[in-house]
Amino acid sequence: MKKHFKYLVTAALPYANSFIHIGHISGAYLPPDIFVRYKRLNDEDVIFISGSDEHGTAIEMASISEKVTPQEIIDRYHFANKKAFEDLGINFDIYSRTSNKIHHDTAQEFFLNIYNKNILVQKTEKQLFSEKENRFLADRFVTGTCPVCGYEEARGDECSNCGSNLSPLELINPRSKITGDIPVIKESTHYYFPLGDYQEKLEKWLDGKRGWKQNVMNYCKGWLKAGLRDRAISRDLDWGVKIPVEGNDGKVIYVWFEAPIGYISATKELFTERNEPDKWKDYWMNEDTKLIHFIGKDNIVFHSIIFPAMLMAHGDYILPDNVPANEFMNFEGEKQSKSKGTGVLVKDITAKFEPDVIRYTLASNMPENKDSEFVWKDLQVKNNSELAGILGNFINRTVVFTKNKFDNRVPEIISIPETEDGILAFLIRSLRN
RNA sequence: GCCGGGAUAGCUCAGCUGGUUAGAGCGUCGGAAUCAUAAUCCGUAGGUCGGGGGUUCAAGUCCCUCUCCCGGUACCA
């Protein structure tokens, strides 16, 4: 007998510090929407989850530089992006947000679960601290002189001039990128997730996977080959999910640790809304559920290495069945990028074109195996020639033909012979009548 | 630097485990039709599959090498 599966489909949680563009859509949102529509047409049990990822350094920094609260930032992008998906006919069962209480609770529970099993380790490291801002500075928010090439605007993580990988402590004359303040070195203690302990289990798990995309598998193998290391999962930051352990004021759970847990929180929230508060377990704690994460290629490590390891550590939940990651869709020869101001925002394109036209154009050129290219001319051609011309004309012609030749009525079905000779004879007979 | 991916017609892209004259859409050029929307239909030309070498009866497909582009390189998310 055919086994009946449930499908738990997730689309990457967009980070709530920018408006989504059509590259995101063709990479991580249209593919699952098509998949989910297909499953629904087949009357299969499927739920479709996404939401905004609303914590982390970048949002806190944006709020500082714009002089608004983080809440204002995330509200702006959460509602805009939620609407963008709706305007494109991408209908999630729930589009949640990680700032919701249910997510904070779920993420803290998750953290405590593995904390109480003594899985986490603590390490103390030296970090740059701005006394003026009263905060530790993330690597990328420190600039200074590169110790290798002498470039004066090197970032804390990397010198954009010579490409050297750096630690912010190596920079000569470090300063805060936000205020220009000169930081001091201060120690900070953080929780680390011992990713290396899960190396073997992960290798075994991945070995058993069939039908995964080559790009995803290669990427994972690359990480495994290099050897997995402990990963810090706390940050010195105000904006985020608080560490649920005494003595950790000013520390939050690292955004990439809690964000994927958002898939679980959102599922809980969905069934709470439906007045079936325990039904989420039917999906997350059920071996007959296929958990599928649709993402862009930039998210592979988090969904196919780190999150699975977290789920293994926790133990109560199923692991992903597949992680289909698409490549990127570029725009008129350039990468779509918020910082460079290139690309096409969903809110702009939906203001001008019908969702089906956009969906068709994107779907017919999805970056499944390699980066693809979107050009406006393409949309014009696909709309005018393929949709309006070929498909539209076919439908219109059929309707008009029916109207004029069959007296406004759909004629009865007649059986047509299958062989060519038979069809020919049939046509000749019809013409004579 | 190291690891991974990519390069196929003018443009945007398909080509699974190697197997007959390498495909599609659009564009080009040439025709046709009026049942149909400034719509349609049919046909044509166009590629040394990034360069070079190798394995094989057979290579776009496997191996080596070179060039160019992209991603990752663990505190961006």
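Each chain gets a letter, A, B and so on, in the order its sequence line appears, and its residues count up from 1. None of the values given here were measured: they were computed from a predicted structure. When reading the values below, keep in mind they use all heavy atoms of this one structure, side chains included, and skip hydrogens, waters and symmetry mates.
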So, A:Glu200 and A:Lys204, do they make that salt bridge, N to O below 4.0 Å? no

Under 4.0 angstrom between A:Asn404 side-chain N/O and B:rA36 OP1 or OP2: yes

Categorize A:Ala226 for me: base, sugar-phosphate, or nothing, with a 4.0 angstrom heavy-atom threshold over every strand shown. base

Among A:Arg97, A:His55, A:Glu258, side chain to side chain donor-acceptor pair (under 3.5 Å) partner for A:His103: A:Glu258

As its Watson-Crick or G-U partner within any shown strand, both distances under 3.5 Å, B:rC13 has B:rG23

Watson-Crick or G-U wobble mate for B:rG43, both contacts under 3.5 Å: B:rC29

A:Lys251 NZ - B:rC75 C1' separation (whole Å): 14 Å

How close or far is atom C1' of B:rA74 from atom CG of A:Leu195, stated in whole angstroms? 10 Å

Mind checking if A:Thr398 touches a base, just sugar-phosphate, or nothing, with heavy atoms under 4.0 Å? nothing

Does A:Gln127 contact B:rC75 through a side-chain donor or acceptor facing the base, at a distance under 3.5 Å? yes

Salt-bridge present (A:Arg37, A:Asp33; N to O < 4.0 Å): yes

Looking only at side-chain atoms of A:Ile390, point me to the closest of B:rA77, B:rC35, B:rC26. B:rC26

Given the C1' atoms of B:rG60 and B:rG19, what is the spacing between them in whole Å? 13 Å

Using the side-chain heavy atoms of A:Thr57, tell me which of these nucleotides is nearest: B:rC35, B:rA77, B:rG5. B:rA77

Using the ring of each side chain (for Trp, its six-membered ring), is A:Phe193 parallel, tilted or perpendicular to A:Phe257, with breaks at 30° and 60°? tilted

How is A:Asn396 classified with respect to the nucleic acid when contacts are heavy atoms under 4.0 Å: base, sugar-phosphate, or nothing? base

Does B:rA77 have its OP1 or OP2 closer than 4.0 Å to a side-chain nitrogen or oxygen of A:Tyr254? yes

B:rU56 and B:rC41, which share atom name C1', separated by this distance in whole Å: 46 Å

Between B:rU28 and B:rC11, how many Å separate the two P atoms, rounded to a whole number? 15 Å

Could you state the atom-to-atom distance from CZ of A:Phe394 to C1' of B:rA39 in whole Å? 14 Å

Roughly how many Å apart are B:rG52 and B:rU40, using the C1' atom of each and rounding to a whole number? 48 Å

Using the six-membered ring wherever Trp is involved, compare the ring planes of A:His21 and A:His24 and label them parallel, tilted or perpendicular (cut-offs 30° and 60°). parallel

Closest to the A:Val400 side chain, choosing from B:rC13, B:rA74, B:rA36: B:rA36

Could you measure between the two P atoms, the one in B:rA59 and the one in B:rU21, and give it in whole Å? 11 Å

Nearest-angstrom distance, P atom, B:rA9 to B:rC3: 30 Å

Out of B:rA77, B:rC3, B:rC75, minimum distance to the side chain of A:Lys225 belongs to B:rC3

Proximity to the side chain of A:Asp139 - top-ranked nucleotide from B:rC75, B:rG71, B:rC35: B:rC75

For A:His293 and A:Val323, indicate whether the former's side chain and the latter's backbone hold a donor-acceptor pair under 3.5 Å. no

Atom CG of A:Asn393 and atom C1' of B:rA36: how far apart are they, to the nearest Å? 5 Å

Nucleotide opposite B:rU67 in a Watson-Crick or G-U pair, distances under 3.5 Å: B:rA7

Closest nucleotide among B:rU12, B:rG72, B:rA77 to the A:Tyr15 side chain: B:rA77

Distance, rounded to the nearest Å, where A:Lys213 contributes NZ and B:rG6 contributes P: 12 Å

Of the candidate nucleotides B:rA74, B:rU12, B:rA77, which contains the atom at the shortest distance from the side chain of A:Asp298? B:rA77

Taking B:rU61 as the reference, what is the distance to B:rG46 when you measure between their P atoms (whole Å, please)? 24 Å

Taking atom C1' of B:rA77 as reference, at what distance in whole Å does atom CG of A:Leu237 sit? 13 Å

Quick check: on RNA chain B, is the nucleotide nearest A:Val381 upstream (toward 5') of the one nearest A:Ser364, or the reverse? Name the residue that is more 5'. A:Ser364

Paired to B:rU37 by Watson-Crick or G-U wobble criteria (both distances under 3.5 Å) is none

Touch class at under 4.0 angstrom, heavy-atom based, for A:Gly296 against every strand present: nothing

Across all strands, who's sitting opposite B:rG1 as a Watson-Crick or G-U wobble pair, both distances under 3.5 Å? B:rU73

Measure up the A:Phe85 and A:Tyr95 rings against each other and bin them: parallel (under 30°), tilted (30 to 60°), perpendicular (over 60°). tilted

What is the distance, to the nearest angstrom, from the CD atom on A:Glu373 to the C1' atom on B:rC69? 12 Å

Among B:rU40, B:rC70, B:rA77, the one nearest any side-chain atom of A:Arg397 is B:rU40

Whole angstrom is fine here: how far is it from CD in A:Glu54 over to P in B:rC76? 21 Å

RNA chain B nearest-nucleotide lookup for A:Glu327 and A:Gly389: closer to the 5′ end is A:Glu327

Taking B:rU55 as the reference, what is the distance to B:rU65 when you measure between their C1' atoms (whole Å, please)? 15 Å

Within the 3.5 Å criterion, strictly below it, is a donor on A:Trp284 or A:Thr267 matched to an acceptor on the partner's side chain? yes

